[in-house]
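Each remark here refers to the structure printed beneath this line.
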Amino acid sequence: MSKVETPRPIRGTQDIFGPDAEAFAFVVETFERVRKLYRFRRVEMPVFEKTEVFARSLGETTDVVSKEMYSFDDRGGESLTLRPEFTAGIARAYLTDGWQQYAPLKVATHGPLFRYERPQKGRYRQFHQIDAEIIGAAEPQADVELLCMADQLLKELGVADGVTLQLNTLGDADSRDSWRAALLAYFQAVRGELSEDSQDRLERNPLRILDSKDPRDQAFVADAPKIDEFLTAEAEDFFGAVTSGLDAAGVKWQRLDKLVRGLDYYRHTAFEFITDRLGAQGTVLGGGRYDGLMESLGGPATPAVGWAAGIERLAMLVEGVGEDVADWAVVVEDDATLGEATGALGAIRRAGMSAELFATGSPRKRFDKAVKSGARSIVSYAMRDGTIDRRIKAGDADGIRLVGALKES
RNA sequence: GCGAUCGUAGCUCAGUUGGUUAGAGCGCCGGUUUGUGGUACCGGAGGUCGGGGGUUCGAGACCCCUCGAUCGCCCCA
């Protein structure tokens with residue numbers, strides 16, 4: 001017999017276990033609770049879509065589309081793609097499922113996303129996000145509500161300390177276009193002194209030069225044209241309404257005028273909740289307004305705003321969420337008592353208390369295993385003088401609950 | 001796609017300038033001790049030192065290749 005080689009897990013996937021899985025679940029549970037407080041409706045979305053859903057909405061030239069998508073042809077020869085984000089699929093559903101009748105529509109979801117990237121701290125090829133969107137709402141109050149929900153979520157997760165909300169506006173389409181043109185002219189003039197990466201960005205996405213980490217670029221970034229110089233009156237009013245709304249709601253924020261979005265469909269509000277506790281991955285939650293998206297999918301002009309947050313990143317910030325110890329350890333110190341112990345195990349669980357059975361390995365060491373498990377209370381079964389001897393090690397209240405539960409059964 | 005660091009038992013790690021039969025702790029299994037008890041002791045299973053090639057009398061250690069992981073760049077949650 002030749003040795004069978006164990007298949008390795010796929011790069012960038014995670015097997016989340018134990019305390020990590022508890023932290024993950026805590027993030028999702030907290031999100032579910034908070035989104036109900038804000039009356040966001042739950043949606044479940046397909047994990048894959050036609051490739052064009054993402055290709056059109058994200059823009060063909062973006063890195064996500066050009067090199068980071070998990071795309072494949074199905075048996076009918078159609079190109080499908082594992083979703084790299086939620087927004088495009090939700091926008092597609094809004095158009096194909098008649099959700100326009102519910103506008104303004106507030107929806108929330110969570111689940112796995114896929115991007116073919118190099119894994120590193122807080123970045124995976126299959127990762128998980130929570131997501132919230134408001135579709136069909138043009139007013140800045142929608143942005144404010146979304147940000148308030150994000151702020152409350154982070155507070156209820158207990159990760160708000162050290163996380164700051166960075167806020168910017170990209171203006172409307174006109175503002176953004178003229179800003180972009182000014183940036184292009186400005187950086188073009190000093191092209192030779194920019195980093196190689198930024199010279200490349202000049203062609204593809206000049207806005208991105210603004211958040212370059214290269215010191216050679218940062219000198220020029222400081223004096224680069226600011227979006228504020230190009231905002232139309234409407235865009236300025238919109239941003240003013242968002243910031244005053246946040247102030248009224250008591251949500252702390254900082255203006256970061258170099259904050260831009262990688263994807264083309266963003267307009268007006270852009271924001272990120274940022275921490276310095278996750279290495280190179282500072283963004284814990286990010287989003288913005290994407291008024292241009294629906295049209296790129298062939299739909300009517302539809303204002304929308306949303307955000308998403310990486311569950312793994314949030315889970316890494318969450319502290320003090322571990323696995324619970326059992327309420328009871330049920331110990332079989334003599335195999336002849338297995339039946340009795342099994343009955344007790346069921347009775348305890350039916351009474352709403354958690355219990356774990358210790359009935360394997362050396363009988364003499366089972367009690368020690370139960371003690372080491374950290375269970376709050378222990379009930380053990382042994383044979384003494386031909387009869388079953390039950391011993392309870394518990395606080396008075398717990399012991400009484402146990403005896404009650406056993407009588408009920 | 002690029003760069004840096006790192007791969008020794010199930011886990012966390014020792015392993016000297018290259019030198020006998022590769023070790024410890026934890027965990028697991030068995031035994032002795034204890035018996036409202038988290039104790040102590042004894043024993044056992046478990047390793048092609050990530051894989052391949054090279055240098056050398058001799059490689060876990062040095063060199064090359066390869067695979068994998070981690071962190072960073074690009075980009076992004």
Side-chain angles (χ1 to χ4, degrees), chain A residues 3 5-14 17-18 27 58-59 61-69 83-87 110-132 150 163 195-201 204-205 207-209 211-214 217 259-263 271-275 278-288 306-317 325 329 331 333 358 360-375 377-380 382 384 389-395 399:
Chain A
K3 172 107 172 77
E5 197 160 325
T6 304
R8 308 311 306 166
I10 295 170
R11 186 199 296 273
T13 61
Q14 314 168 78
F17 170 78
V27 171
L58 299 176
T61 60
T62 57
D63 274 30
V64 172
V65 170
S66 61
K67 57 185 195 193
E68 294 176 3
M69 292 206 306
R83 63 187 181 198
E85 59 145 34
F86 278 114
T87 306
H110 64 83
L113 290 317
F114 303 84
R115 285 184 202 169
Y116 193 89
E117 293 185 283
R118 195 80 181 200
Q120 53 184 278
K121 187 180 180 68
R123 305 185 58 172
Y124 308 95
R125 287 186 174 182
Q126 177 180 334
F127 60 107
H128 302 79
Q129 285 186 344
I130 52 179
D131 180 276
V163 176
S195 67
E196 295 76 12
D197 283 335
S198 284
Q199 294 186 27
D200 194 38
R201 280 189 272 244
R204 292 174 12 253
N205 197 348
L207 270 56
R208 275 281 161 196
I209 298 176
D211 55 15
S212 168
K213 291 170 184 167
D214 196 303
D217 299 329
L259 177 69
V260 294
R261 303 275 69 184
L263 306 179
F271 53 87
E272 293 183 3
F273 286 81
I274 295 176
T275 179
L278 289 178
Q281 269 58 248
T283 303
V284 138
L285 183 152
W307 57 249
I311 297 176
E312 290 88 346
R313 292 187 186 176
L314 289 171
M316 282 189 279
L317 296 175
V325 299
V331 183
E333 296 197 87
F358 291 86
T360 59
S362 171
R364 313 185 75 152
K365 291 186 176 172
R366 291 176 192 170
F367 195 93
D368 281 349
K369 275 201 229 175
V371 171
K372 280 190 184 174
S373 79
S377 309
I378 299 174
V379 54
S380 70
R384 288 185 219 284
D389 181 33
R390 185 188 72 199
R391 292 184 175 187
I392 297 171
K393 179 189 162 101

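Every chain is numbered from 1 and lettered A, B, ... according to where its sequence line falls, protein lines coming before strand lines. Quantities reported herein were computed from a predicted structural model and do not represent experimental measurements. These numbers come from the heavy atoms of this one structure, side chains and all, not from hydrogens, waters or symmetry mates.
- Nucleotides G43(B) and C57(B) place their P atoms 41 Å apart, quoted to the nearest Å.
- Here the closest non-hydrogen pair linking Ala308(A) and Asp131(A) is CB-OD2, 3.7 Å.
- Under the ring pair (Phe, Tyr, Trp, His ring centres under 6.0 Å) criterion, His110(A) pairs with no residue at all, not counting sequence neighbours.
- In this structure, Phe127(A) atom CZ and C75(B) atom P are separated by 17 Å, rounded to whole Å.
- Comparing the P positions of G15(B) and C62(B) gives a spacing of 12 Å, expressed to the nearest Å.
- With sequence neighbours excluded, the residues that form a side chain to side chain donor-acceptor pair (under 3.5 Å) with Arg208(A) are Asp211(A).
- Spacing of P atoms, G25(B) relative to A4(B), comes out at 38 Å, to the nearest Å.
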Original post:
With the sugar-phosphate defined as primed atoms, P, OP1 and OP2, and the base as all remaining atoms, what B/S/- string results for nucleotides 46-52 of chain B, 5' to 3', for protein heavy atoms under 4.0 Å?
Top reply: -------
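- Between the CD1 atom of Ile130(A) and the C1' atom of A77(B) there is a distance of 10 Å, given to the nearest Å.
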Original post:
For RNA chain B, what string of dots and brackets results from 5' to 3' when Watson-Crick and G-U pairs need both distances under 3.5 Å, crossing pairs get [ ], and pairs with another strand get |?
Top reply: (((((((..((((.....[...)))).(((((.......))))).....(((((..]....))))))))))))....
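- Nearest heavy atom pair, residue Ser380(A) against residue Glu333(A), reads OG-OE2, 3.3 Å.
- For Gln281(A) and C76(B), the CD to P distance is 12 Å, given to the nearest whole Å.
- In this structure, Glu85(A) has no salt bridge (charged side-chain N to carboxylate O under 4.0 Å, His left out) partners at least two apart in sequence or on a different chain.
- A donor-acceptor contact shorter than 3.5 Å is absent between the side chain of Arg125(A) and the backbone of Pro119(A).
- Mapping Leu278(A) and His128(A) onto RNA chain B via the closest heavy atom, the residue that lands nearer the 5' end is Leu278(A).
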Atom pairs, N/O to N/O, protein against nucleotides 67-71 of chain B, distance under 3.5 Å?
unit_1: A69(B); atom_1: OP2; unit_2: Arg11(A); atom_2: NH1; d: 2.9
unit_1: C71(B); atom_1: OP2; unit_2: Lys121(A); atom_2: N; d: 3.0

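- Contact annotation: Ser362(A) side-chain N/O to G31(B) OP1/OP2 distance is under 4.0 Å.
- Under a 3.5 Å cut-off, the side chain of Arg83(A) and the backbone N or O of Pro112(A) do form a donor-acceptor pair.
- Considering only residues two or more places apart in sequence or on other chains, Arg391(A) meets the salt bridge (charged side-chain N to carboxylate O under 4.0 Å, His left out) condition with Asp389(A).
- Qualifying side chain to side chain donor-acceptor pair (under 3.5 Å) partners for Ser195(A), counting only residues two or more places apart in sequence or in other chains: Ser198(A), Asp217(A).
- Rounded to whole Å, the distance from CG on Leu317(A) to P on A77(B) is 16 Å.
- Residue Lys213(A) places at least one side-chain N or O under 4.0 Å from the OP1 or OP2 atom of C74(B).
- Take the nearest nucleotide of RNA chain B for Asp211(A) and for Ala308(A): the residue whose nucleotide is more 5' is Asp211(A).
- Of the possible polar contacts, one joining the Arg261(A) side chain to the Gly287(A) backbone as a donor-acceptor pair under 3.5 Å is found.
- The gap from the P atom of U16(B) to that of C11(B) amounts to 22 Å, rounded to the nearest Å.
- For the pair Gln126(A) CD and A77(B) P, the computed distance is 17 Å after rounding to whole Å.
- Comparing the P positions of U12(B) and G53(B) gives an interatomic distance of 28 Å, to the nearest angstrom.
- Between the CD atom of Glu117(A) and the C1' atom of A77(B) there is a distance of 9 Å, rounded to whole Å.
- Residues meeting the side-chain contact (heavy atoms from CB on, under 4.5 Å) test with Met69(A), sequence neighbours left out: Thr51(A), Phe54(A), Val64(A), Val65(A), Ser71(A), Thr81(A), Pro84(A).
- Minimum heavy-atom separation, Gln120(A) to Ala280(A): OE1-CB, 4.2 Å.
- Side-chain contact between Asn205(A) and Val260(A) is absent, with no heavy atoms from C-beta onward closer than 4.5 Å.
- Looking at residues two or more places apart in sequence or on another chain, you find a side chain to side chain donor-acceptor pair (under 3.5 Å) between Glu312(A) and Gln14(A), His128(A).
- Using C1' as the reference atom, C49(B) and U36(B) are 47 Å apart when rounded to the nearest Å.
- Glu68(A) meets the side chain to side chain donor-acceptor pair (under 3.5 Å) test with no other residue; sequence neighbours excluded.
- One atom, CG of Asp197(A), and another, P of C75(B), lie 6 Å apart when rounded to the nearest Å.
- Taking atom CD of residue Glu68(A) and atom C1' of nucleotide A77(B), one finds them 12 Å apart after rounding to whole Å.
- Comparing the same atom, C1', in G58(B) and in C73(B) gives a spacing of 43 Å after rounding to whole Å.
- To the nearest whole angstrom, the two P atoms, one in C63(B) and one in U55(B), are 15 Å apart.
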Check nucleotides 32-39 of chain B against the protein and report each pair of N or O atoms closer than 3.5 Å, with its distance, or say if there are none.
unit_1: U32(B); atom_1: OP2; unit_2: Arg364(A); atom_2: NH1; d: 3.3
unit_1: G35(B); atom_1: O6; unit_2: Arg364(A); atom_2: NH2; d: 3.1
unit_1: G35(B); atom_1: N2; unit_2: Glu333(A); atom_2: OE1; d: 3.0

